[in-house]
A.B. asks: 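First the structure, which I've put down as structure tokens, then a few questions once you've had a look.
Remember, it's 1-based here, ligands and their atoms both numbered in the order they're listed.
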Amino acid sequence: MSVSTLTTEASFGGATHLVCRACGAHAKLGADYSCWECFGPLEVAYDFGTVTRESIQAGPFSLWRYAALLPVPSNIAEQRNLAPGMTRLHRADNLAKALGITGTLWVKDDSGNPTHSFKDRVVAVAQSAGIQLGFGTLACASTGNLAHAVAAAAARAGQKSVVLVPSNLEQHKIQATAAYNGHVIGIEGNYDDVNRLCGELIGEEVSADWGFVNVNLRPYYAEGSKTVGYEIAEQLGWRLPDQVVIPVASGALLTKVDKGWREFVELGLVEDRPWRVFGAQATGCNPVAEAWREGHDVVRPVKPDTIAKSLAIGNPADGPYALDAVRRTNGAIGDVSDAEVVEGIRLLAECEGIFGETSGGVTVATTRKLLALGLLDPTAETVIVNTGEGLKTLDAVSTGNGFSATISPSVDAVANVIEGSK
Ligand SMILES: *Cc1c(COP(=O)(O)O)cnc(C)c1O
Ligand SMILES: [Zn+2]
């Protein structure tokens, strides 16, 4: 065994190399994201060895219980990081009733992560890779949640951070990100402009030390999303549901939940069975839903215009792979208007006490639409993923000052309000 193989095993766990998703060419584990043969996207490949339910359950109560299935060192749980994951899987009987679902409905609530969105998962894995590859600064192009997750993760690990976001982002998201005292840079343009800029910054002097979690560390970043799928399976008692509904921005989360389930089947951790993967987008940024409807393999970029800013990626990197996962599993991708997004947020909050951000509203409303279209099976066991916290997108649901009444401090005045609302 060569020294370099030993080093690889030490720093990236069971990951062995990068592989091109388009042409299958191999590359060494490094800060590369596109194939030098065909420019296709690179993905992490592994030699998993033996992983059992028991070995996973013996691990920490965080996504690091799946460290053996991620490109991270085996001692990752002992290092300084935010250890996200193991968010709650709620049984959602009230929402099921409201939606007309007679099968069991579950909400995987990833707003329970350290910075209140699923992005903590992908950042945790990319941060580890960045440290292994010698980057001193953690960076990203973001629609908001990723910036927050990067700034917090960097602070925790004692790293510097630089996050680049569209300058028209929700004020709350910018202010929350600024609390960690990294660089928060507003770019005059949309997310796709920010992303292009980050691509141009790779290899420049000013940013030589920056590991961009979703650009040059993207193969590692994307793997973090598999843990949403792993957790759903483990929390259901080591089995897979009939169908899952997932919000789509770049398409990585959807693609990787499906990949995670295929890995669990291959490793013998769950029984094989057919499952269906469904995607959810806002109509104001629906390039993947549109391609699905039109039967296209290519995703035509759009200019985003929606309140669901966390999903506003007009040119989604994993769009074709999300389409593939949806078609292969006999799923579908739907989209909903901004008004429906707000209805979705309210419905989830009223029925289940879960206040999701706009992406959660997109997912609930799209679930309703896909049921109405006969694409989702109302009798099947269904999981929907709420990926973020409603406090991050308060403006979307703000009505007046929020009070149902403002009154003098008297019993009669309270009685008037309560009786008046009957
Ligand atoms: C980023 C994000 C998504 C979608 O993630 P992709 O992997 O890019 O498709 C969904 N919900 C929230 C809240 C996000 O921040
Ligand atoms: Zn290739």
A.B. asks: If the criterion is any heavy atom closer than 4.0 Å to an atom of ligand 1, which residues make the list?
C.D. replies: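 Those residues closer than 4.0 Å to ligand 1 by some heavy atom are Phe118, Lys119, Asn145, Pro247, Val248, Ala249, Ser250, Gly251, Ala252, Leu253, Ser310, Leu311, Glu357, Ser359, Thr387.
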A.B. asks: Quick one: list whatever passes ring-ring contact (aromatic ring centres under 6.0 Å, His included) with Tyr321, sequence neighbours left out.
C.D. replies: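 Tyr321 satisfies ring-ring contact (aromatic ring centres under 6.0 Å, His included) with no other residue.
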A.B. asks: We want to know whether Glu223 and Tyr46 form a side-chain donor-acceptor pair, criterion being a heavy-atom distance below 3.5 angstrom.
C.D. replies: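 There is such a pair (donor and acceptor under 3.5 Å, judged by atom type) between the side chains of Glu223 and Tyr46.
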A.B. asks: For Trp275, what residues pass the ring-ring contact (aromatic ring centres under 6.0 Å, His included) criterion, not counting sequence neighbours?
C.D. replies: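 So Trp275 forms a ring-ring contact (aromatic ring centres under 6.0 Å, His included) with Trp261.
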A.B. asks: Rounded to the nearest 0.5 Å, what separation is found between the CD atom of Glu389 and the CG atom of Leu394?
C.D. replies: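 The distance works out to 8.5 Å.
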A.B. asks: Flag yes if more than 12 heavy atoms outside Trp36 fall under 6.0 Å of its CH2 atom; otherwise flag no.
C.D. replies: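 Check fails, neighbour count at 12 or below.
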A.B. asks: Just by modelled atom types, is the Val362 backbone N or O under 3.5 Å from a matching donor or acceptor in the Gln281 side chain?
C.D. replies: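 No, Gln281 side chain to Val362 backbone: no donor-acceptor pair under 3.5 Å.
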A.B. asks: Can you check the number of protein N/O/S atoms within less than 2.8 Å of the Zn ion (ligand 2)?
C.D. replies: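 Protein heteroatoms (N, O, S) closer than 2.8 Å to the Zn ion (ligand 2) number 4.
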A.B. asks: Can you list the steps and then say if Val383 with Leu89 is a side-chain contact (heavy atoms from CB on, under 4.5 Å)?
C.D. replies: CA-CA 9 Å; Val383 178; Leu89 182 71; 4.2 Å; yes
A.B. asks: So which of Lys256, Lys226, Arg218 actually passes salt bridge (Lys or Arg N to Asp or Glu O under 4.0 Å) with Glu43?
C.D. replies: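 The option that passes is Lys256.
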A.B. asks: Can we call the ring centroids of Phe212 and Tyr33 under 6.0 Å apart?
C.D. replies: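 Centroid separation for Phe212 and Tyr33: 6.0 Å or greater.
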